[in-house]
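Per chain, numbering begins at 1; letters A, B, ... match sequence-line order.
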2 protein chains.
Amino acid sequence: MNRSTLTDFKKKALSKAAVNKEYQSLAPAYALRKKLIALRQKAGLTQEQIADVLHTQKSNISRLENANSVNSPKLSTIEQYADAVGYDIEIKFTPKKAHNE
Amino acid sequence: MNRSTLTDFKKKALSKAAVNKEYQSLAPAYALRKKLIALRQKAGLTQEQIADVLHTQKSNISRLENANSVNSPKLSTIEQYADAVGYDIEIKFTPKKAHNE
DNA sequence: TATGCAGTTATCATAGTTGATAACTTCGAG
DNA sequence: CTCGAAGTTATCAACTATGATAACTGCATA
């Protein structure tokens with residue numbers, strides 16, 4: 001379970017209002033990883049099984065799923081992962097919220 | 001205008017049924033680039049203006065917008081571009097179409 | 001024609017992601 | 001308790017996206 005880890009991160013990231021803007025940019029990355037994990041579990045696959053499909057190692061899948069946030073994956077990597085769990089991807093653009101609400 | 005270039009690509013890519021599968025994986029990348037260009041033009045910005053905002057060069061923006069398809073951008077790069085034109089991004093997952101329809 | 005703007009392409013160095021291996025922690029089954 | 005499955009973390013090499021510079025095309029316009 002990584003729920004606590006994610007929760008901890010959010011709490012820490014949001015603890016100071018000063019870092020809110022940074023969190024805004026970190027948030028999509030975490031939203032993505034949560035989705036990846038959810039899709040994989042929904043498909044009933046282990047990290048190792050996905051690694052096999054993509055001809056790589058389970059450690060790399062683990063890194064992709066909960067990267068250190070200092071690490072931004074390539075679009076093609078996300079695509080391949082999505083393919084392994086049976087999904088296509090699309091990037092959705094939504095008008096940005098004002099920085100000073 | 002690069003419309004003709006994109007159209008040419010699609011025509012060529014789809015000309016042989018054998019490469020349809022490859023096109024499936026190339027398609028999201030091209031869909032993305034078309035969106036990037038559309039958003040930039042909608043914002044009334046030039047590549048150079050975006051480059052200034054992101055503290056980089058217009059040549060790099062050009063490369064991002066119409067990459068040679070052998071090149072897959074990082075998620076953070078797309079994020080930064082989106083930010084420059086006033087948008088947030090989100091990755092949408094949709095169940096994969098069957099390979100043999 | 002000539003000038004400037006917008007975008008493209010090529011190139012190289014740098015930074016960063018990914019591949020691969022190994023050791024480690026949890027945790028549940030036996 | 002022991003064992004194996006699942007996942008994590010660290011490390012280094014290999015690969016590749018990005019930063020930066022420069023030269024180029026096409027186009028509008030004066």
Side-chain angles (χ1 to χ4, degrees), chain A residues 1-9 25-26 28-30 32-85 89 91, chain B residues 1-9 25-26 28-30 32-85 89 91:
Chain A
M1 301 218 186
N2 48 15
R3 226 168 318 155
S4 59
T5 304
L6 269 173
T7 308
D8 287 352
F9 167 77
S25 68
L26 251 49
Y30 267 86
L32 168 65
R33 303 181 202 292
K34 278 169 64 179
K35 282 187 189 175
L36 292 181
I37 297 174
L39 290 179
R40 179 172 62 81
Q41 292 176 342
K42 189 172 168 186
L45 298 174
T46 67
Q47 291 182 344
E48 194 166 20
Q49 286 173 317
I50 292 193
D52 287 345
V53 174
L54 302 183
H55 302 98
T56 184
Q57 284 69 38
K58 63 175 183 173
S59 59
N60 298 326
I61 302 299
S62 174
R63 176 174 55 192
L64 176 63
E65 285 185 357
N66 36 322
N68 323 324
S69 70
V70 294
N71 162 326
S72 184
K74 293 200 293 175
L75 186 59
S76 60
T77 305
I78 302 169
E79 257 179 72
Q80 290 170 10
Y81 184 107
D83 184 80
V85 293
I89 71 170
I91 299 193
Chain B
M1 304 226 182
N2 48 16
R3 225 169 317 155
S4 61
T5 304
L6 269 173
T7 307
D8 287 353
F9 168 77
S25 69
L26 252 48
Y30 269 84
L32 168 66
R33 302 181 201 292
K34 279 169 63 178
K35 282 187 190 175
L36 291 181
I37 296 174
L39 290 179
R40 178 171 62 81
Q41 292 177 341
K42 189 172 168 186
L45 297 174
T46 66
Q47 291 182 345
E48 194 165 20
Q49 287 173 319
I50 292 194
D52 287 345
V53 174
L54 302 184
H55 302 99
T56 182
Q57 285 67 38
K58 63 175 184 173
S59 58
N60 298 326
I61 302 298
S62 174
R63 178 174 53 193
L64 176 64
E65 286 185 356
N66 35 323
N68 324 323
S69 70
V70 293
N71 163 325
S72 185
K74 292 199 295 176
L75 186 59
S76 61
T77 305
I78 302 170
E79 257 179 73
Q80 290 170 11
Y81 184 107
D83 185 80
V85 292
I89 71 170
I91 299 192

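Residues A:V85 and A:L36 form no side-chain contact, since every pair of their non-hydrogen atoms from C-beta on lies 4.5 Å or further apart.
With values rounded to the nearest 0.5 angstrom, A:I37 atom CD1 is found 9.0 Å from A:L64 atom CG.
Not counting sequence neighbours, the partners of B:K35 by the salt bridge (charged side-chain N to carboxylate O under 4.0 Å, His left out) test are A:E90. A:S62 meets the side chain to side chain donor-acceptor pair (under 3.5 Å) test with no other residue; sequence neighbours excluded. The side chain to side chain donor-acceptor pair (under 3.5 Å) check on B:S72 picks up A:S76, with sequence neighbours excluded.
Between the P atom of D:dA6 and the CG atom of A:N66 lies a distance of 17 Å, rounded to the nearest Å. In this structure, B:R40 atom CZ and C:dT8 atom C1' are separated by 12 Å, rounded to whole Å. Taking atom CD on A:E65 and atom P on D:dG7, their separation rounds to 7 Å, with Å as the unit. A:Q41 has its CD atom 13 Å from the P atom of D:dA6, to the nearest Å. The CG atom of B:D52 sits 15 Å away from the C1' atom of C:dG7 (whole-angstrom rounding). Between A:Q47 atom CD and D:dT9 atom C1' the separation is 12 Å, expressed in whole Å.
The minimum heavy-atom distance between A:R33 and A:N71, with the atom names listed, is NH2-O, 3.1 Å.
An angle of 30°, rounded to 10°, separates the two end axes of the helix from C:dT1-D:dA30 to C:dG30-D:dC1, each defined over five pairs.
Between A:S62 and D:dG7 there is no side-chain polar atom (N or O) within less than 4.0 angstrom of OP1 or OP2.
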Got a list of side-chain donor-acceptor pairs under 3.5 Å for residues 39-53 of chain A, not counting sequence neighbours?
from  : atom 1 : to    : atom 2 : distance (Å)
A:R40 : NE     : A:E65 : OE2    : 2.5
A:R40 : NH1    : A:L45 : O      : 3.0
A:R40 : NH2    : A:E65 : OE1    : 3.1
A:T46 : OG1    : A:E48 : N      : 3.4
A:T46 : OG1    : A:Q49 : N      : 3.1
A:Q47 : NE2    : A:E65 : OE1    : 2.9
A:Q49 : OE1    : A:T46 : N      : 2.8

Note to self: How would you summarise protein contacts on nucleotides 17-30 of chain C per nucleotide, using B for base, S for sugar-phosphate only and - for none, with heavy-atom distances below 4.0 Å?
What the structure shows: SBBBBB--------

Check: Between A:L75 and B:T77, is a side chain to side chain contact (heavy atoms under 4.5 Å, CB included) present by the stated rule, with each step listed?
Finding: CA-CA 10 Å; A:L75 186 59; B:T77 305; over 6 Å; no

